[in-house]
**Q** 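Handing you this structure, nothing more for now.
Every chain is numbered from 1 and lettered A, B, ... according to where its sequence line falls, protein lines coming before strand lines.
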Protein chains: 2
Amino acid sequence: MRDIFDAELAQLGQDLAAMSGRVERAITDAGVALLTADVTLAESVIAADLEIDAIERDLDERCVLLLAQQQPVATDLRIVVSALRMSATLERMGDLARHIAQVARGRYPRHAVPQHLSGTFTEMHDAAVRVARRTTTLLGNHELPLAESIEQDDDLLDELHEDTFAALLNGTWNGSIQEAVDVTLLGRYYERFGDHGVSIARRVTYLVTGVLGQELDRSAS
Amino acid sequence: MRDIFDAELAQLGQDLAAMSGRVERAITDAGVALLTADVTLAESVIAADLEIDAIERDLDERCVLLLAQQQPVATDLRIVVSALRMSATLERMGDLARHIAQVARGRYPRHAVPQHLSGTFTEMHDAAVRVARRTTTLLGNHELPLAESIEQDDDLLDELHEDTFAALLNGTWNGSIQEAVDVTLLGRYYERFGDHGVSIARRVTYLVTGVLGQELDRSAS
């Protein structure tokens, strides 16, 4: 029984990492679609989000089955409950990538982001892609320095988000109202994406240091 | 054992309803603060959100304890897992009320919402307050017509959200960029608030008709 359960827990971790890989692809493609006004790529992100939603439902069903059949306690229980929460967070990250793609699609053939903010949004894109990539890796290997990097990129996303407000509100804005609305929403989507990455980073850290930490302490002493 | 567990499940439901009561208070006060530029009320919403966050953590801990100690299966398990998810959703609704209050505080002593949109935002406020009030009641009594009403108010919130975009983008906007940014974000906060209310309404409906439905079917046949 225990071997089977261990295999199921390991599979759960792999599936979360795979789901995160989908989110990584989604945020990468959404940003490229946004920055290059690529409507085909935007459409592909929007379509692929349905698959991410389906993965969440499947993962959740399996978590509930694991709880019912294996009746886990202590660390095992924390792992399954964390998986439930992390799949919901990844699903939300996929939604945010889709929202970015929808803005890109809605403005096509124009660029949604005005020229003078393309540098800021390129930086936001790069930071969000790093958050997603490191989330995928972290879910696979539990290397905690990755969690720290995710926090740093989230701080960077917050700063860049502030930069977009400054550009909108410092009195020199000469874009349209549509551009102001788009920049406001896009900035918020990227900022939230970072928050969700941090949420996962902290859950993994808690699992490794907080609960599993008891075992780590034992092996260290 | 069973009696104790039933009492614990009932308590969980009451605590979710009480948490929803806090959210109801938060969204009510946030909207009044927004529409009347009441900075003291806005501050109180922002401060009270910490309590909502604390209630979520407490509820989650108790759900995990229930899973560990009672090892529930079938309907009982679904109830506990749903409680975990609904507490996260209520926490998020509290965040959105706080965001609305933060906009109100940030613009004080001015009104964040331009005069010509105060009717639209009053309607959004009223719909969001109804969503919160019915969510509280639904969590307490599981009366499914309330779930239907929540869906209808969510549809109304979506329409009103569209109205704010129309006001921004129909070419007649003569407000400031700050007002455009605020209206964009406030509209999004209200729209998301409705989505979360629907999420809870559907979870309760699923618990009552989907899982418990097997028992209902039996008693009906």
**Q** Need one label for B/Asp60: side chain, backbone, both or neither, based on atoms under 4.5 Å from any heavy atom in chain A.
**A**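 Both backbone and side chain of B/Asp60 come within 4.5 Å of chain A.
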**Q** What part of B/Ile177 lies closer than 4.5 angstrom to a heavy atom of chain A: side chain, backbone, both or neither?
**A**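 Backbone plus side chain of B/Ile177, per the 4.5 Å heavy-atom cut-off to chain A.
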**Q** Using side-chain contact (heavy atoms from CB on, under 4.5 Å) as the criterion, list what pairs up with B/His111, not counting sequence neighbours.
**A**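 Once residues adjacent in sequence are excluded, the partners of B/His111 under the side-chain contact (heavy atoms from CB on, under 4.5 Å) criterion are B/Ala37.
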**Q** With sequence neighbours excluded, what pairs up with B/Val64 under the side-chain contact (heavy atoms from CB on, under 4.5 Å) test?
**A**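 B/Val64 satisfies side-chain contact (heavy atoms from CB on, under 4.5 Å) with A/Leu77, A/Arg78, A/Val81 once adjacent residues are dropped.
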**Q** What residues of residues 156-175 of chain A sit under 4.5 Å from chain B when only non-hydrogen atoms are counted?
**A**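 Against chain B, the residues of residues 156-175 of chain A that fall inside the cut-off (heavy atoms, under 4.5 Å) are A/Phe165, A/Leu168, A/Leu169, A/Trp173.
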**Q** Anything in residues 189-199 of chain B with a heavy-atom distance to chain A below 4.5 Å? Please list those residues in order.
**A**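 So far as heavy atoms go, B/Tyr189, B/Arg192 are the residues that approach chain A to under 4.5 Å.
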**Q** Using non-hydrogen atoms only, which part of A/Leu67 is less than 4.5 Å away from chain B: side chain, backbone, both, or neither?
**A**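 Answer is both: backbone and side chain atoms of A/Leu67 are under 4.5 Å from chain B.
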